[in-house]
Amino acid sequence: MSTVASRLRAVRSTLPEGVELVAVSKFHPVEQLREAYDAGQRIFGESRVQELLPKIEAMPPDTRWHFIGHLQRNKARMIVGRVDLIESVDSTELLHLIDRLAAERGTVQRVLLEAHVAAEEAKTGFDPAELRAFFARGGYRDLQATHICGIMGMATNTDDAARIDADFAALAALLRDCREAAPDGDLRGFDTLSMGMSDDYPAAIARGATLVRVGTAIFGPRH
Ligand SMILES: *Cc1c(COP(=O)(O)O)cnc(C)c1O
């Protein structure tokens with residue numbers, strides 16, 4: 001068994017039923033993605049459009065792609081309708097642009113809204129209060145061709161387990177709050193909570209993650 005296959009198996013063995021694994025393959029060559037694919041992995045995460053597009057061409061057609069990086073508005077056109085889930089929608093402008101592009105293509109684009117709860121200033125994403133307000137005013141009602149499936153977030157990059165746990169708890173609470181704030185009652189299909197990476201995904205699962213994004217623990221360090 002290849003190294004990638006055995007690491008993938010080790011990660012999978014720790015995931016409870018109902019938690020999906022995104023194999024974050026950014027910066028890794030297609031050969032390694034193939035090894036993961038051959039070991040049964042179907043969902044891959046990429047963070048740069050220029051790296052994603054050739055990988056889409058190179059991998060089998062039933063590979064599912066999640067875009068997890070900051071999406072520049074001028075590149076949205078290149079991926080809308082081609083990826084299963086855009087996890088990193090970080091502004092209402094980008095959301096509406098994606099919606100227009102998806103409508104033009106005659107498709108429905110699935111997205112997550114990225115929330116910023118970590119201590120780092122630099123990380124992108126909606127402020128939690130901004131997201132609650134968006135749902136409270138029914139902001140999703142304007143969308144023609146976009147399905148908001150849930151929320152994506154990251155914990156603070158720290159060794160402090162209590163801080164990491166608090167960040168994941170805040171993301172889980174935010175998903176609930178947004179659903180409750182929505183004037184339409186129970187929002188159908190708004191139930192994905194994408195959080196947890198190689199170093200912290202067990203803590204994320206303990207707080208209710210339904211999707212974990214794991215790169216290094218499967219593919220090794222990025223160069
Ligand atoms: C790179 C990346 C990951 C994976 O990180 P690892 O520590 O390698 O598991 C997860 N989520 C996002 C948004 C990323 O950019």
Side-chain angles (χ1 to χ4, degrees), residues 3-15 19-30 32-33 35-36 39 41-52 55 64-72 75-76 79 83-91 94 98 110-126 128 131 149-161 163-165 167-168 170-172 174-175 192-223:
T3 312
V4 167
S6 59
R7 288 196 191 124
L8 181 64
R9 180 171 292 192
V11 170
R12 282 196 170 287
S13 71
T14 66
L15 301 182
V19 176
E20 275 200 298
L21 174 64
V22 180
V24 176
S25 48
K26 64 188 184 195
F27 297 97
H28 293 288
V30 169
Q32 291 200 351
L33 279 71
E35 286 177 24
Q41 182 65 27
R42 288 295 177 272
I43 309 178
F44 292 84
E46 290 284 337
S47 60
R48 300 183 305 173
V49 171
Q50 69 273 24
E51 183 178 351
L52 168 65
K55 283 177 169 173
R64 290 159 60 196
W65 300 96
H66 286 196
F67 191 80
I68 62 170
H70 175 67
L71 180 57
Q72 288 169 270
K75 295 197 174 140
I79 68 164
V83 299
D84 202 52
L85 187 64
I86 301 175
E87 295 204 19
S88 44
V89 175
D90 56 7
S91 71
L94 179 61
I98 289 169
R110 298 167 67 248
V111 304
L112 302 180
L113 302 182
E114 181 177 352
H116 174 111
V117 299
E120 289 91 4
E121 293 270 325
K123 291 203 173 155
T124 53
F126 286 93
L131 269 194
C149 301
I151 285 175
M152 182 271 253
M154 272 178 250
T156 305
N157 185 9
T158 174
D159 292 333
D160 178 359
R163 172 72 211 220
I164 292 169
D165 182 58
D167 288 347
F168 289 144
L171 288 165
L174 183 58
L175 185 79
T192 299
L193 187 54
S194 174
M195 58 185 194
M197 323 199 316
S198 291
D199 286 340
D200 57 17
Y201 74 86
I205 291 168
R207 286 294 183 177
T210 64
L211 200 59
V212 292
R213 310 178 307 270
V214 179
T216 309
I218 297 169
F219 297 107
R222 291 180 283 273
H223 299 294

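First listed ligand is number 1; within each ligand, the first listed atom is number 1. Computed from heavy atoms alone, side chains included, the values below leave out hydrogens, waters and symmetry copies.
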Exercise for review: Could you tell me which residues satisfy side chain to side chain contact (heavy atoms under 4.5 Å, CB included) with Arg222, sequence neighbours excluded, listed by chain and number?
Suggested key: Lys26, Phe27, His28, Thr216

Practice item. Please check if the side chain of Thr210 supplies one atom and the backbone of Leu193 the other of a donor-acceptor pair under 3.5 Å. Key: yes

Review point. Is the closest side-chain donor-acceptor distance between Thr156 and Arg163 under 3.5 Å?
Key: yes

Check your understanding: Quick one: does Arg213's side chain have a donor or acceptor within less than 3.5 Å of a partner on Val24's backbone?
Key -> no

Review point. Taking Gln41 for the side chain and Ile43 for the main chain, is one N or O donor matched with an acceptor at less than 3.5 Å?
Key: yes

Review point. Taking Asp167 for the side chain and Ile164 for the main chain, is one N or O donor matched with an acceptor at less than 3.5 Å?
Key: no

Point to revise | Near ligand 1, at a heavy-atom separation below 4.0 Å: residues by chain and residue number | key: Val24, Lys26, Ile68, Met154, Met197, Ser198, Arg213, Val214, Gly215, Thr216, Arg222

